[in-house]
Amino acid sequence: MDLNFTDSENAFRRECRSWLEANVPSQRLPSGDTKEGFALHLNWENKLFDAGWAAVSWPKEYGGREATLFEWLIFEEEYYRVGAPSRVTQNGIFLLAPTLFEFGTDEQKSRILRPMARGDVTWGQAWSEPNAGSDLASLKSTARRVEGGWRLTGQKTWSTRAAFCDMAYGLFRTDPDQARHRGLTYFMFPLRAEGVTVRGVDRLDGDEGFAEIFLDDVFVPETEILGEVHHGWKVAMATTSSERGLSLRSPGRFMAIASRLVNLYHRFRDRSDPVLRDQVIQAWMDAQVYRWFTYQTVTRMAEGEEIGPDSSMNKVFWSEMDVRTHETALAIIGDALELDEASPSAVDAGDWMRGFQFALAGPIYAGTNEIQRNIIAERVLGLPRK
Amino acid sequence: MDLNFTDSENAFRRECRSWLEANVPSQRLPSGDTKEGFALHLNWENKLFDAGWAAVSWPKEYGGREATLFEWLIFEEEYYRVGAPSRVTQNGIFLLAPTLFEFGTDEQKSRILRPMARGDVTWGQAWSEPNAGSDLASLKSTARRVEGGWRLTGQKTWSTRAAFCDMAYGLFRTDPDQARHRGLTYFMFPLRAEGVTVRGVDRLDGDEGFAEIFLDDVFVPETEILGEVHHGWKVAMATTSSERGLSLRSPGRFMAIASRLVNLYHRFRDRSDPVLRDQVIQAWMDAQVYRWFTYQTVTRMAEGEEIGPDSSMNKVFWSEMDVRTHETALAIIGDALELDEASPSAVDAGDWMRGFQFALAGPIYAGTNEIQRNIIAERVLGLPRK
Amino acid sequence: MRFAFTDDQKMLRDTVRDVLRRECSPEVVRDAWEGKTEGARSAWNTLAQTGLIGMTASEGAGGMSMSELDLLLPLEETGYAAMPGPIVDTAAVGIPLLEAAGTDAQRERWLGLAAAGEARIVVSFEDREMVPHAASADILIAERGGAGYCLPIDEVSVVPERSVDRTREVGKVAFEPSPSYRMREDVNTVALFALGRERAALATAAQLVGLSRRMLDMAVQYAKDREQFGKPIGAQQAIKHRLANALIEQEFARPTVYRAGWSLATGARDAEVDVSLAKIYAGQAAKFVAKQALQVHGAIGYTIECDLHMWMKRAWALAAAHGDAAHHRERVGRHVL
Amino acid sequence: MRFAFTDDQKMLRDTVRDVLRRECSPEVVRDAWEGKTEGARSAWNTLAQTGLIGMTASEGAGGMSMSELDLLLPLEETGYAAMPGPIVDTAAVGIPLLEAAGTDAQRERWLGLAAAGEARIVVSFEDREMVPHAASADILIAERGGAGYCLPIDEVSVVPERSVDRTREVGKVAFEPSPSYRMREDVNTVALFALGRERAALATAAQLVGLSRRMLDMAVQYAKDREQFGKPIGAQQAIKHRLANALIEQEFARPTVYRAGWSLATGARDAEVDVSLAKIYAGQAAKFVAKQALQVHGAIGYTIECDLHMWMKRAWALAAAHGDAAHHRERVGRHVL
């Protein structure tokens, strides 16, 4: 066990930090989940890519730095520490790309990865359907084989930022005679093609962060299939396990939130009672503990172990910690908590209420915490399924 | 709504209080769940009965005072306030007696009630079997019809204080061709008869508070059946719903515990941090809230309403409140919490740790809180069973 | 001892419930979110016509002399409907303050209008310049430097702020404390405003109970309707227990609020402790129920196309308004310890 | 950065695990509860023979010079087995203290015996007169008035107390602080005892993790075996989620304890904050797992015929020992705020 960073890890951290401090926009960008904010965020993503920071763990040929997992964590710690903009490319970089690396052809990788990381081509996920959320295998969208490719028909929903994106990916039933997990294929498809209608849906926090995608006989060529025809479930599970695992929620994010909370507490110390003080301590401790847990997991990954269902513990922990931390912040703010960014008197421009609402999605998306707890009980503890 | 007590209720309270203050033993009795303590508690129960306080709500002909439900609550408040001994007759008075009043014959009532309330004949419950706890309908003990009565065979378990009691009551399968809830009969049976073996089982807190009862062809006359042959389930449900409802846990008990907790906090104030202070406030508030909830329920009962599955909310609330309150007390005590009554340095003779262990049984017995929550969801909220 | 409402009180509740069911549907609330307040105004006016806005005014002033306790069930229904508008400020706080502390001229000018629902009152306590519904109210009653003021809203500077609950139309109020706005000086102004704070906290607690009930109803209905893995999600034990816990929180908060209403209405000793308990438990329950309802709804609840969000946001705002949990717990603490 | 134990550390853990599986069964713990300590003594002696009691002693004194970090996994196993006896006091605290602060004579007389498991040490910090295992120990090391003392237990007055965990044999110690018992005066006694406190808290945290693991194992096994309504109770979602939550608490406590071990072993900055986190999370997890395990076991878990109670009671005692949550949270608070 060596919990000191190595010299090269420290050097990497210094390099991240100095670039970020010099380049992060001094003005807060508008939310990346609005049309105008999305465009401004893409400018930032361009810059990040050009300096080689967009996807640090990727091979150099695709614009990465071949960073180790720990270097990636360091990058994230620095990124959140400095308060850099949220990543509107994340559904590409963190969800699709790992799947591409595992299942994609060389042609696909060389065509797709760089534009994705640079934000030149933007990606939304298209997992859920109106009646297939947590029960993903019950999806109904179909793909029909035609000359030179396939035609997609159906409806996808809860597609994050899809209203602004160029492309999306999801599962379609290619074999109508098979049920549930079988006979599905993983497709990448254009959002601005003929037959595609995208309707933005406003989220709880008021941003148009979701979209519904309607597909009516949309043509996609054969080259847009990831993995084998009819075997999309396996490919998709690789993506969702990376979604549920580390990639979305590195400890740096929560350490930064805990620091902001400590700062908020100091500013409102005169009206913060000792119980709130204790909750601030709890939030800080939880972020630390999440960090050690994650470092332990990352060590296992770095040494070649499969993490598998253990990642469900990460998901439950961070998502519920994030809600608690924001609740503590709102309790410190008191009755001004309701004021949003349009209010002259809002504390921190209403960020804590916005963050709280965002945090509330944590226990729902990427597999609800109910499902995660089922997974933990059945696959880690070995309790009977029925 | 009138939340003042009436003049007659106030007079009743004064009468309780002055009798209790004059008569409650000045020395703490040893635990009623030990052999010697049980005997000493019975002396107290005799005295209570002779003064007309053993079962205040019963008709006068059986030794009661025909007290209203609110007067009963007042009695309980005063009883716990003054720290009077726990009631070792409770499985008779609070569980069997209401069933006797509802289903018993006149002969049964006049034979059984007064000796029960005076503690001359003591009663244990015999509900559970080794493989029939929460799933009571799966019990296996049988009763076989013979000349002049029945012969009981089987094993009962978790019978509170049965090691010291004279009699018990429970369900036996009288119709072997029927399954689950059907074909069961409610019997009262002697614990010191031929064919009965009672084995005490030590509880978590070290007291021999439980017992296993083995019945081997034990004769009971026809007169010991409560309700109709083969229809014992209905009779038993009346008992268990009174067990789950108000009778075991009147607000006075928790108000008294909350007062003791406030007192403990004051004594340890110098080492109690503000978070503990807040938990003490919470415990006090919870006891108040439980009181108002119960008063509301008792008003409904007094006005003739059926309470039904709503009583499951009482059960969940008080049982979890009781655990929290004791946890707070232990946190105040700090590392001396482990010392028991045999320790010169124990705080309050180790009562809080003993009470904590007792409280831990709350979410388990009288229908686990899991079952209570199922009942609330299905029967109050109307969610689907399967 | 009798812990139950009278038939009259329940009948009043039913009247309000019927009016709001007809006139304050989720669509009306949604319209108010988007600034289209005609529907909400119309519901307000209908309530006023049945005498419910002015019910705390004396009979001479066109009211029904109703107490804090009488007001609870009607207010609970306004929470259930997420009714927009300053009903707490007008009915529970403003009218009694105006009647007790208004000068003859102020009462003559405003009381009848307020009781008839034609003048909406908002109240600004000392140090609370942030006032919901300030812009759309007609009258401001304010406590400044221990004195009371009553003035038409068009003589008040209202700087608009924005609440997460758009129907709340929060504004920051300021005015010149001119003698011409002064309320009576021969009454105990401080005590009257202090009582007003208790009434505001209590009335808000009642609305929070109503909000909880509606959110729980929505969640239960959704759990029965929505199918997953071939059966309603409400058949899952995790969902059942979540909703059972929500019901328990809510149902224990209710009598706590009712008790506080009785205490305030009868001037019981330590009534303010009861009010604090009411606010704490009702706020806690509403926030808890909101969280459970959202989790049960899943992603659908996370969009503003689902009605749930309007109730949740109201609940978050009201749980913090008129004393948040920390404030009221401290007050209880001083009583207990 | 590498957050994992070495193969050597894991091998040591496996050795301890094997010894305890063979020699410290629940029956042995149960015997110790009833005062029959032969089995527990024998397990202690076998651990000593494999060098594990004296592992923190220097090699010259018959030990392995092992660090706080090396000690964690073996101690976790002693928690898993609920091993009776003062292993924390002897191995984690006493031997290092004796070696660092004992006079030549004290070290000569006791160190070899302690490292060989033949003399059991208990430690009494300033103001902590209540000492587990005092009556059955051989040596008391005590901090009084800023000075260290080391003396044979038969020169100590031990007033027996009784713990809810009968194997802890708690006693209240007192002795005449005579110069003949004094430890070295040319070392920083206060700092050494302060370090001893950190080690005691950390070692206790490691045992708490072991206790949690065993209780969870028992509960999972029970949930698989016990049938109700015709199927294993572990198939119920409420039981699944209860046990999943228990696992989460436990598994997040583990790396927190390991981190603290590394911090103490390497003298990292703010190591005491890490120790506090370890004690808080391990204690919290053990209490939480105990509660879930009891609920899953139902009435059976509520009797002393079921082994669970011995682990629960140890967990309650250890969670409060060497600084309870309030103490350690305050320490973290001073660091963070």
Side-chain angles (χ1 to χ4, degrees), chain A residues 1-6 9 68-71 73-74 258-259 262 265-266 269 272 274 277-278 280-286 288-300 302-303 305 310 312-314 316-317 320-321 369-370 372-378 380-386, chain D residues 1-6 9 69-70 72 216-217 219-221 223-224 231-237 239-263 265-266 268 273-274 276-278 280-281 326 328-337:
Chain A
M1 189 171 296
D2 183 0
L3 308 187
N4 286 317
F5 287 102
T6 62
E9 286 164 342
T68 65
L69 278 165
F70 275 111
E71 285 169 344
L73 288 184
I74 289 167
S259 293
V262 167
Y265 172 79
H266 283 301
R269 189 191 277 274
S272 294
R277 176 177 184 271
D278 189 66
V280 172
I281 296 169
Q282 184 69 46
W284 183 88
M285 294 197 300
D286 281 347
Q288 288 296 313
V289 164
Y290 182 70
R291 187 185 195 199
W292 307 137
F293 184 86
T294 307
Y295 281 14
Q296 182 181 257
T297 307
V298 166
T299 300
R300 285 169 57 196
E303 297 184 356
E305 257 186 82
D310 281 11
S312 292
M313 292 198 273
N314 273 68
V316 172
F317 191 92
E320 298 182 356
M321 162 175 71
N369 285 8
E370 279 82 3
Q372 304 296 349
R373 288 188 163 93
N374 290 348
I375 291 173
I376 293 166
E378 292 166 9
V380 184
L381 295 175
L383 290 171
R385 292 220 148 184
K386 280 286 154 205
Chain D
M1 175 63 59
R2 179 177 184 276
F3 200 125
F5 286 96
T6 62
Q9 286 164 334
L69 181 62
D70 299 318
L72 288 184
L216 185 54
D217 282 356
V220 167
Q221 194 59 49
K224 289 177 184 169
K231 51 186 182 180
I233 60 170
Q236 293 173 34
Q237 202 180 25
I239 301 281
K240 283 183 185 174
H241 286 195
R242 203 176 262 290
L243 294 174
N245 288 338
L247 183 70
I248 292 168
E249 290 260 348
Q250 170 188 302
E251 292 302 303
F252 277 85
R254 277 174 96 158
T256 308
V257 173
Y258 301 159
R259 160 77 198 191
W262 178 83
S263 295
T266 60
V273 174
D274 291 327
S276 284
L277 258 70
I280 292 165
Y281 280 77
H328 286 290
R329 292 174 85 90
E330 184 44 39
R331 223 164 64 144
V332 177
R334 284 196 303 271
H335 171 76
V336 175
L337 297 175

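For clarity, every value in this text was computed on a predicted model and none was experimentally measured. When reading the values below, keep in mind they use all heavy atoms of this one structure, side chains included, and skip hydrogens, waters and symmetry mates. Lettering follows sequence order; numbering is per chain, from 1.
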Which bit of [X] is near chain D, if near means a heavy-atom gap under 4.5 Å: side chain, backbone, both or neither?
X: Tyr265(A); value: side chain
X: Gln296(A); value: both
X: Gln282(A); value: both

Would you say the side-chain atoms of Lys240(D) pair up with the backbone N or O of Pro384(A), donor to acceptor, closer than 3.5 Å?
yes
Side chains of [X] and [Y]: does their closest heavy-atom pair fall under 4.5 Å?
X: Val257(D); Y: Trp292(A); result: no
X: Trp284(A); Y: Leu337(D); result: no
X: Leu3(A); Y: Arg2(D); result: no

Given the options [options], which has more heavy-atom pairs under 4.5 Å with chain D than any of the others?
options: Gln288(A), Arg291(A), Glu370(A), Arg300(A); answer: Glu370(A)
options: Val316(A), Val380(A), Asp310(A), Asp278(A); answer: Asp278(A)
options: Val289(A), Thr68(A), Ile376(A), Val262(A); answer: Val289(A)

Spatial distance of atom [atom1] ([X]) from atom [atom2] ([Y]) [nearest 0.5 Å]:
X: Leu243(D); Y: Glu378(A); atom1: CG; atom2: CD; answer: 12.0 Å
X: Glu249(D); Y: Met313(A); atom1: CD; atom2: CE; answer: 12.5 Å
X: Thr299(A); Y: Phe5(D); atom1: OG1; atom2: CZ; answer: 11.5 Å
X: Arg242(D); Y: Arg373(A); atom1: CZ; atom2: CZ; answer: 12.0 Å

Checking Val273(D), Thr256(D), Leu277(D) against Met285(A) for side-chain contact (heavy atoms from CB on, under 4.5 Å), the one that qualifies is Leu277(D)
Against chain A, label Glu251(D) side chain, backbone, both or neither, depending on which of its atoms sit under 4.5 Å from a heavy atom there.
both
Which bit of Tyr281(D) is near chain A, if near means a heavy-atom gap under 4.5 Å: side chain, backbone, both or neither?
side chain
Evaluate Met1(D) against Asp2(A) for side chain to side chain contact (heavy atoms under 4.5 Å, CB included), listing each step before the verdict.
CA-CA 5 Å; Met1(D) 175 63 59; Asp2(A) 183 0; over 6 Å; no
Looking at every non-hydrogen atom in both residues, tell me the closest pair between [X] and [Y] and how far apart they are.
X: Phe317(A); Y: Ile248(D); answer: CD1-CG2, 4.2 Å
X: Ala223(D); Y: Leu383(A); answer: CB-CD2, 3.9 Å
X: Lys224(D); Y: Gly382(A); answer: CE-O, 3.0 Å
X: Ile281(A); Y: Gly333(D); answer: CD1-CA, 3.3 Å

Heavy-atom pairs under 4.5 Å with chain A - which of Glu330(D), His241(D), His335(D) has more of them than the others?
His241(D)
Parallel, tilted or perpendicular: which describes the rings of Phe252(D) and Phe293(A), with under 30° parallel and over 60° perpendicular?
parallel
